[in-house]
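These notes are about the structure you will find just below.
Below, chains carry the letters A, B, ... as their sequence lines are ordered, and counting in each starts from 1. What you are looking at is a predicted structure, and each value in this text was computed from that prediction instead of being measured.
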Amino acid sequence: MINLETLNDRQKQAVTAGMGPVLVLAGPGSGKTKTLTYRIAYVIEKKLVHPGQILALTFTNKASKEMRERVNKLLTKFPGAAERLTMGTFHSVCARILRKEIGRLGYGQDFVIFDSDDQQKILKEICEELRLGKSLPPQLFSALISRAKNLLQLPSEMNLDLDSRMKEKVREVYVRYQDQLVAQNALDFDDLLMLTVKLFEAEPAVLEKYQQLYTYILVDEYQDTNLAQYQLLRLLGVHRRLFVVGDDAQSIYGFRGSDITNILNFEKDFPECEIIKLEQNYRSTRNILAVAQKVIELNSEQKPKTLWTENHDGEKITLVQADDEKAEGEFVARKIVELAGGKKDEPVYEPDTSQNPAGMSILDRFLLAKKKYGASMAGFIRALPQLPKDHDSLKEFCILYRTHAQSRSIEEALIQSGIPYQIVGGYKFYDRKEIKDMLCFLRLAQNYRDLVSLKRVLNEPPRGLGEKSYQVIRDFILESGAKEKDVPIREFRSAFAEVKLSTKQWQSAQSFFEALEEFNSLPKSATLPELISLIIRRFRLEQTLRDGSEKGESRWENLEELLTVAQKFKNLNWPEALTEFLQEVALLSEIDQKNEEKDAITLMTLHSAKGLEFDTVFFVGLEEGILPHSRSLVEPKDLAEEVRLAYVGLTRARKNLFLVFARSRMSYGTRHIQTPSRILKAMPQERLTFVSGAERIFEDSGEDGIVVEKMEF
DNA sequence: AGCGCTCAGCTTTTT
DNA sequence: GCTGAGCGCT
């Protein structure tokens with residue numbers, strides 16, 4: 001039996017609500033996840049719905065994994081029930097549906113998922129073909145096409161708010177781009193959502209099947225849904241048995257089409273709905289909440305909601321003025337040593353050489369900094385206080401910033417103090433060359449029409465096939481696909497005899513495709529690791545990577561690590577395992593890659609931090625142009641999103657919150673004088689304590705902003 | 001085809 | 001200050 005007594009009145013009301021539409025407006029730290037998991041457990045326990053009929057949509061894979069575990073713990077009397085829930089992100093659930101049904105839309109079941117890099121490559125080729133010049137770069141089209149898809153507009157339906165000349169151009173590129181995706185049997189991220197909606201609209205029978213399958217739908221982070229996701233919920237949720245949770249004050253994905261009006265209009269869409277507000281905060285101290293509250297009040301259009309807490313005031317929030325980004329990092333590092341230092345006076349002189357996720361050992365990073373500052377190792381190590389070996393856990397510290405680019409200066413200070421850290425996002429394991437190459441081989445094994453992958457590995461390792469050969473082969477694949485879709489690779493390869501290449505290149509290409517065919521004729525009972533090993537052997541990847549250099553050795557180790565990851569799919573036949581594996585890798589979110597075990601502080605962007613909490617948070621770079629970001633200053637609605645972003649950042653902290661701004665900062669290779677963020681000025685002075693003159697932000701400074709005295713560098 | 005050199009342009013945020 | 005495109009040389 002789940003114990004409702006551990007819930008407060010509002011939470012209980014939500015958990016035990018009727019089966020009609022329910023909107024839970026949940027402030028940060030108000031027990032949103034708890035409410036959601038209890039709700040799922042409750043409807044199962046009361047037999048209001050079968051576990052297999054529940055669809056729970058979350059924002060990240062990590063969140064869904066956690067939720068499944070928590071539901072499982074609550075349902076001790078229903079063993080296995082949690083496994084039967086359908087849970088995942090919108091993207092992964094759509095991918096699963098499409099994997100079954102996409103034949104009806106003219107794609108093959110073996111479709112691959114293109115990430116933004118892949119997308120960019122196609123768009124680049126199209127822009128070059130159309131000779132669009134520098135004023136119309138691929139990035140522009142990728143943003144606009146994404147916007148169109150999020151609004152559910154196919155190329156033929158495209159109607160973005162643009163002048164007619166531009167609209168024509170975008171349409172032209174969009175048509176070609178989408179044709180390419182179809183020819184390559186590939187879907188981009190936005191297609192996963194859009195095509196699922198299009199499928200449901202075109203095929204009532206399919207829609208009905210899923211409507212009957214998922215009779216109860218729960219959505220986390222509802223404020224971040226876009227039109228496609230909204231439409232999907234309207235279609236699937238005809239039964240109106242919906243339970244959505246969100247906080248309009250934490251809507252931070254407007255840039256990728258999320259529409260805050262989805263949550264604001266919930267009552268209009270579902271007039272019979274129940275609305276429950278969770279306003280008691282269990283996470284943060286009163287000081288932290290008071291500061292966050294004042295910040296969010298900068299936005300007038302927020303749904304009124306007042307957080308309160310029984311927690312005590314706690315420490316005041318520390319506002320720090322640093323001279324520059326280097327001093328900013330040093331402050332953070334010093335403070336961490338002070339707070340987590342444990343026994344003092346036992347400096348560690350050996351830099352930690354364990355790998356960090358950025359792929360560079362701490363020692364490498366040290367050498368880099370040494371090159372930069374010309375410091376000797378002794379001087380370098382002495383430069384900052386060191387973290388003793390018996391330090392407290394570092395898992396409860398996090399450093400937040402607006403953009404990835406800000407991490408560098410912080411990292412350097414952390415290395416100098418010997419503080420282990422992990423970065424979420426930025427360079428990913430799956431972005432490394434040797435890993436990406438292997439993924440491309442695997443993608444080709446699944447779907448040889450994937451030209452983005454083909455281009456990448458056609459000459460990897462070198463076999464004399466360059467740009468020219470690629471183009472000839474590409475045209476051949478496109479033509480053969482136009483004539484007849486779904487030609488198996490065996491037949492494709494016999495037709496390949498007609499390809500117009502010089503003898504040497506023809507033979508080389510022939511043997512490349514022979515290898516692909518070999519992978520395809522691997523017995524079905526083989527496993528994914530076996531397929532990977534075969535690829536390694538057939539393309540002599542081990543010999544190529546292990547060239548005797550240290551770097552080569554580490555690349556090979558990365559490939560071995562990929563093999564380890566693939567072990568997870570050993571119990572499946574390779575074709576299924578391959579599909580699952582590629583899909584999972586493609587839809588991995590930044591935060592999914594965070595290592596929970598590792599005793600290290602976490603560095604990440606504000607966006608990645610949503611939904612997380614830490615005892616101590618360092619919030620850095622609180623300057624005009626960074627937060628709010630300079631690109632957000634034109635549109636008031638973008639500025640409001642920056643304020644919400646700040647709100648998200650502040651409310652991650654449980655006990656200690658440090659806010660840092662720098663007087664000057666290096667960007668684009670030149671030093672810029674910085675102005676403290678307007679967001680800081682909104683904070684209640686009496687909740688703050690100041691370091692090195694930070695109080696100046698409250699000094700009288702006239703109407704529009706803060707006067708900063710000129711400084712010399 | 002592949003290497004190395006020079007110079008421009010650049011940074012939001014993510015599935 | 002870093003990356004990646006473009007060019008010229010081998």
Salt-bridge test for [X] and [Y]: reply yes if a basic N is under 4.0 Å from a carboxylate O, no otherwise.
{"X": "A:Asp191", "Y": "A:Lys198", "value": "no"}
{"X": "A:Asp118", "Y": "A:Arg443", "value": "yes"}
{"X": "A:Asp437", "Y": "A:Lys433", "value": "yes"}

Using the C1' atom in both, what is the distance from B:dT11 to C:dG6, to the nearest Å?
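Between the two C1' atoms, the distance is 23 Å.
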For C:dG4 and B:dT13, measure between their P atoms and round to the nearest Å.
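C:dG4 and B:dT13 have their P atoms separated by 15 Å.
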Take atom [atom1] of [X] and atom [atom2] of [N], then tell me their distance rounded to the nearest Å.
{"X": "A:Lys468", "N": "B:dG2", "atom1": "NZ", "atom2": "P", "result": "14 Å"}
{"X": "A:Lys121", "N": "C:dG4", "atom1": "NZ", "atom2": "C1'", "result": "12 Å"}
{"X": "A:Met666", "N": "C:dC2", "atom1": "CE", "atom2": "C1'", "result": "12 Å"}
{"X": "A:Gln120", "N": "B:dT15", "atom1": "CD", "atom2": "C1'", "result": "15 Å"}
{"X": "A:Leu57", "N": "B:dT15", "atom1": "CG", "atom2": "P", "result": "16 Å"}

N/O to N/O distances under 3.5 Å, protein versus nucleotides 6-10 of chain C:
none

Scan A:Asn459 against the nucleic acid and name what it touches under 4.0 Å (heavy atoms): base, sugar-phosphate only, or nothing.
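Since only primed, P, OP1 and OP2 atoms lie under 4.0 Å of A:Asn459, the category is sugar-phosphate.
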Residue whose nearest DNA chain B nucleotide is more 5′ - A:Pro462 or A:Ile591
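Comparing both residues, the 5'-ward one is A:Pro462.
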Test salt bridge (Lys or Arg N to Asp or Glu O under 4.0 Å) applied to A:Asp248 - qualifying residues, sequence neighbours left out:
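Partners of A:Asp248 under the salt bridge (Lys or Arg N to Asp or Glu O under 4.0 Å) test: none.
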Mind checking what makes salt bridge (Lys or Arg N to Asp or Glu O under 4.0 Å) contact with A:Glu125, not counting sequence neighbours?
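For A:Glu125 the salt bridge (Lys or Arg N to Asp or Glu O under 4.0 Å) partners, ignoring immediate neighbours, are A:Lys455, A:Arg474.
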Please set out all donor-acceptor pairs under 3.5 angstrom arising from side-chain atoms of residues 628-637 of chain A, sequence neighbours excluded.
from     : atom 1 : to       : atom 2 : distance (Å)
A:His629 : ND1    : A:Arg631 : N      : 3.0
A:Ser632 : OG     : A:His629 : O      : 2.6

Distance to the ring centre below 6.0 angstrom and angle to the axis at most 45 degrees; does that hold for A:Arg463 and A:Phe512?
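No; the conditions do not both hold, so A:Arg463 does not lie above the ring face of A:Phe512.
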Any cation-pi pair here, A:Arg256 with A:Tyr253, using under 6.0 Å and within 45°?
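The answer is yes; both the distance and angle limits are met.
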Close N/O contacts between protein and nucleotides 4-14 of chain B (under 3.5 Å):
from   : atom 1 : to       : atom 2 : distance (Å)
B:dT11 : O3'    : A:Arg631 : NH1    : 3.4
B:dT12 : OP1    : A:Arg631 : NH1    : 2.2
B:dT12 : OP1    : A:Arg631 : NH2    : 3.0
B:dT12 : OP2    : A:Arg631 : NH1    : 3.3
B:dT12 : O2     : A:Arg402 : NH1    : 2.7
B:dT12 : O2     : A:Arg402 : NH2    : 2.1
B:dT13 : OP1    : A:His404 : N      : 2.9
B:dT13 : O4'    : A:Arg402 : NH2    : 3.4
B:dT13 : O2     : A:Arg402 : NH2    : 2.7
B:dT14 : OP1    : A:Glu590 : OE1    : 2.7
B:dT14 : OP1    : A:Thr605 : OG1    : 3.1
B:dT14 : OP2    : A:His404 : NE2    : 3.4

Could I get the full list of side-chain contact (heavy atoms from CB on, under 4.5 Å) partners for A:Gln223, not counting sequence neighbours?
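Once residues adjacent in sequence are excluded, the partners of A:Gln223 under the side-chain contact (heavy atoms from CB on, under 4.5 Å) criterion are A:Glu221, A:Gln250, A:Ser251, A:Ile263, A:Lys610.
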